[in-house]
Amino acid sequence: MKIEKHWGISLLAVLAIGPGLMLNTSLNSIREILQQTFNNQSYISITPVLIGVMSFAFCIPFGPILRHKLGERRTYVLSMCLFFIGAIVSIASNSFLGMGIGRFLQGTGTGLALMMMIPMLVLSFPIQKRNLALLILIGGFYGSSVVGIFLGMLVNSYGHWRWLFYIAAVLSLLGICFSYKFLTNDHAKQQHKHHEPFDIIGVALMFMVTAFITFTLLNLQKSGWTSTYVWIGIVGSIIFLCFLFAAEWHIKNPLIPFRLVASRKPALAILIAVIGNVSMSLTLLSLQGLLKSRSSFDKGDTSLIYIGLFAGIVIAAILSAVLYDKVGSGVLGIIGAVIIMGVNIQWIYLDGHASAFLFVSSFAALIAGVGFTVAAGLMGAALGGPLSSLVPRMVTVQFIRVTVSAVIPVISSIVFAKVYKGHFATVSGESQVASKENFTQSLHVKSEIITYHTFSTFSCVLSIVVFILSFLMFLTGKGHKLAHKPHDKEKQSTEEVHIKKDTPVFERSPKEAVSNRVIGDSEYRAALKKFGQPKPSADKMLRIRDQEYRKALKRMKDIGQ
């Protein structure tokens with residue numbers, strides 16, 4: 001059976017990015033089991049998670065560069081081999097140090113593949129089906145993170161974790177095999193005599209930023225805010241982040257072009273994606289805590305409840321693909337914010353004594369709502385500026401988003417411990433006629449429930465912020481469309497299309513000139529081709545302009561005759 005190329009590229013994209021995202025979320029939820037397995041107090045359980053995520057963020061800008069140097073297939077195979085070796089090292093490791101090395105290789109492989117595969121994924125679909133790329137982005141990439149949550153629940157239930165890396169290793173091998181069918185190295189044959197200088201300063205500063213952030217988060221998780229190392233790390237992170245921002249803003253060929261996300265729509269989109277992710281983390285922590293603390297469900301019922309996560313993915317993926325071109329990223333963000341707000345308001349006034357159906361519907365609604373905000377954030381940033389700079393703009397967006405995603409779990413756990421301690425001190429003065437053991441257990445449960453309700457309140461406030469940001473992005477307009485939606489008025493013969501293409505811009509109607517244009521294949525390809533390649537010289541640009549001027553004069557002369 002022949003598989004169409006766009007579905008083959010979609011499969012390769014999910015196999016390249018999905019396992020890394022799956023491991024990031026699953027390992028974050030089984031940190032206690034990892035600590036018990038290695039029983040090494042010199043390393044903390046967050047170490048492999050942080051190393052994997054930060055190496056992932058650091059390598060994001062290098063994927064498009066290697067694609068132009070080595071070609072699509074070689075770059076893809078390289079990234080998958082690194083991921084496979086990392087999975088094998090993690091399986092064989094008996095310490096956090098060995099697992100950290102494996103996670104570094106896995107993060108590197110996923111980072112190299114991310115911004116090579118996303119543009120290829122979008123471009124591979126025919127223009128009339130390009131909205132299906134959003135279906136893959138939400139269902140495949142965001143869905144992989146949610147699959148990691150479900151697998152983490154299974155590990156917590158049964159205690160074994162190494163099979164997670166066996167799954168990741170098998171998936172990486174499948175990706176290598178399929179890459180020889182759907183990818184080529186034709187792009188690597190294009191040779192250029194003049195190249196822009198490589199951004200060595202940007203690489204050095206980006207390494208220092210990621211290293212200081214990792215150092216800060218590890219010490220924060222281990223020693224808390226009172227540690228001197230934490231404040232050294234915070235100061236170092238801020239200083240080098242300012243240096244990185246200043247250098248990349250003014251350099252001619254930046255590795256992380258922050259200037260491209262300084263306009264309204266990309267900036268709002270980044271905030272929507274980041275804050276929506278924080279809101280999901282808090283709400284999901286609250287729901288999981290309530291499910292664990294006060295529910296009487298067995299393992300089978302709990303597994304069925306978590307299936308609501310997959311229902312939410314399906315809803316978000318399908319509706320995002322259908323609605324994006326019709327309503328735009330702003331309306332999608334508003335819908336997602338309202339859903340997240342509703343889930344949190346509902347659970348603020350409920351405790352763990354709830355039916356399984358309520359848990360299932362809450363999980364599904366939460367994941368669907370966050371899926372809408374993810375679609376609004378990513379697509380709003382991608383299509384919120386000139387198409388010629390689409391790839392470098394998305395490199396910047398993904399670097400910021402992945403870096404922030406490494407900070408969220410650590411800060412959440414620190415805040416949870418502090419809030420829980422305060423609530424436990426508050427309720428410890430209550431009297432209860434029971435044994436001391438039951439009394440202490442009751443206080444812990446009650447304190448946890450109050451803490452989870454507090455987190456739901458925080459998440460509700462964040463969803464209101466997302467709602468406001470989405471409304472502001474709605475005011476900026478829908479932006480570019482993903483796909484051409486054929487209507488009766490838009491159906492034209494091939495001859496009419498060519499006539500329209502040859503018609504000068506000044507002869508077209510004003511409505512036709514300013515309409516919400518469809519992103520054509522040529523524009524996408526030009527955007528991909530331009531990234532990482534030298535800009536035309538000034539003399540060449542003058543010759544091009546002179547040729548265009550002569551063609552315009554000739555056209556006017558022909559019209560006059």
Side-chain angles (χ1 to χ4, degrees), residues 17 20-21 23-25 27-28 46-64 100 103-104 106-115 118 141-142 145 148 199 202-221 230 233-249 254-262 266-281 373-374 377-378 381-382 391-414 462:
I17 313 302
L21 299 177
L23 288 176
N24 288 341
T25 53
L27 292 178
N28 188 56
I46 195 67
T47 304
V49 180
L50 274 180
I51 291 177
V53 176
M54 295 308 296
S55 61
F56 177 19
F58 176 79
C59 293
I60 286 174
F62 301 103
R103 292 290 296 143
F104 173 79
Q106 289 176 324
T108 301
T110 307
L112 293 177
L114 181 67
M115 281 313 301
I118 289 181
F141 294 177
Y142 175 58
S145 298
D199 186 14
V203 174
L205 290 175
M206 191 172 62
F207 174 78
M208 295 303 297
V209 169
T210 54
F212 266 98
I213 292 176
T214 305
F215 175 81
T216 304
L217 295 177
L218 288 176
N219 284 280
L220 179 62
Q221 182 72 25
V230 171
I234 292 175
V235 173
S237 300
I238 294 174
I239 291 175
F240 281 103
L241 186 60
C242 292
F243 285 158
L244 176 64
F245 183 83
E248 300 299 272
W249 186 274
L255 196 65
I256 306 291
F258 291 106
R259 186 187 295 272
L260 296 178
V261 297
L268 290 171
I270 291 175
L271 291 175
I272 289 172
V274 170
I275 297 176
N277 193 10
V278 175
S279 180
M280 181 201 72
S281 299
T373 61
V374 169
L378 294 183
V391 176
R393 184 168 57 252
M394 283 305 298
V395 166
T396 307
V397 172
Q398 292 290 357
F399 174 77
I400 295 173
R401 190 182 68 85
V402 174
T403 303
V404 173
S405 69
V407 179
I408 294 173
V410 178
I411 300 298
S412 298
S413 62
I414 298 295
L462 292 177

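The side-chain hydrogen bond (donor to acceptor under 3.5 Å, both in side chains) search around Ser279 returns Ser459, not counting sequence neighbours. Residues that satisfy the ring pair (Phe, Tyr, Trp, His ring centres under 6.0 Å) test with Phe215, not counting sequence neighbours, are absent from this structure. In this view, Gln221 and Ser413 satisfy the side-chain hydrogen bond (donor to acceptor under 3.5 Å, both in side chains) rule, not counting sequence neighbours. Residues meeting the ring pair (Phe, Tyr, Trp, His ring centres under 6.0 Å) test with Phe258, sequence neighbours left out: Phe245. Shown here are the side chain to side chain contact (heavy atoms under 4.5 Å, CB included) partners of Thr403, two or more places apart in sequence or in another chain: Met54, Ala57, Ile213, Phe399. Taking the side-chain hydrogen bond (donor to acceptor under 3.5 Å, both in side chains) definition, one finds that Asn24 meets it with Arg103, sequence neighbours left out. Among residues two or more places apart in sequence or in another chain, the side chain to side chain contact (heavy atoms under 4.5 Å, CB included) test is passed with Thr108 by Ser55, Cys59, Leu82, Phe104, Leu112. Residues satisfying the side chain to side chain contact (heavy atoms under 4.5 Å, CB included) test with Ala273, not counting sequence neighbours, are Arg401. Residues satisfying the ring pair (Phe, Tyr, Trp, His ring centres under 6.0 Å) test with Phe212, not counting sequence neighbours, are Phe240. Listed by chain and number, the residues in a side chain to side chain contact (heavy atoms under 4.5 Å, CB included) with Ile411 are Leu220, Trp225, Val407, Val415 (sequence neighbours excluded).
Between the side chain of Gln106 and the backbone N or O of Gly20 there is no donor-acceptor pair closer than 3.5 Å. The backbone N or O of Phe56 sits nowhere less than 3.5 Å from a side-chain atom of Thr110 that would complete a donor-acceptor pair. Although no hydrogens or angles enter the test, the distance criterion places no donor-acceptor pair under 3.5 Å between the side chain of Glu248 and the main chain of Pro254.
The shortest non-hydrogen separation linking Met206 to Phe58 is CE-O, 3.3 Å. Shortest non-hydrogen contact noted between Met115 and Pro64 is O-CG, 3.7 Å. Looking at every heavy atom in both residues, Leu378 comes nearest to Met394 through O-SD, 3.9 Å.
Of the residues listed (Ile51, Leu50, Val410), the one engaging Leu218 in a side-chain contact (heavy atoms from CB on, under 4.5 Å) is Leu50, and it is the only one.
To the nearest 0.5 Å, atom CG of residue Leu114 and atom CD1 of residue Ile17 are 4.5 Å apart.
Contact of the Phe141 side chain with the Val374 side chain is not registered, since no non-hydrogen atoms from C-beta on lie closer than 4.5 Å.
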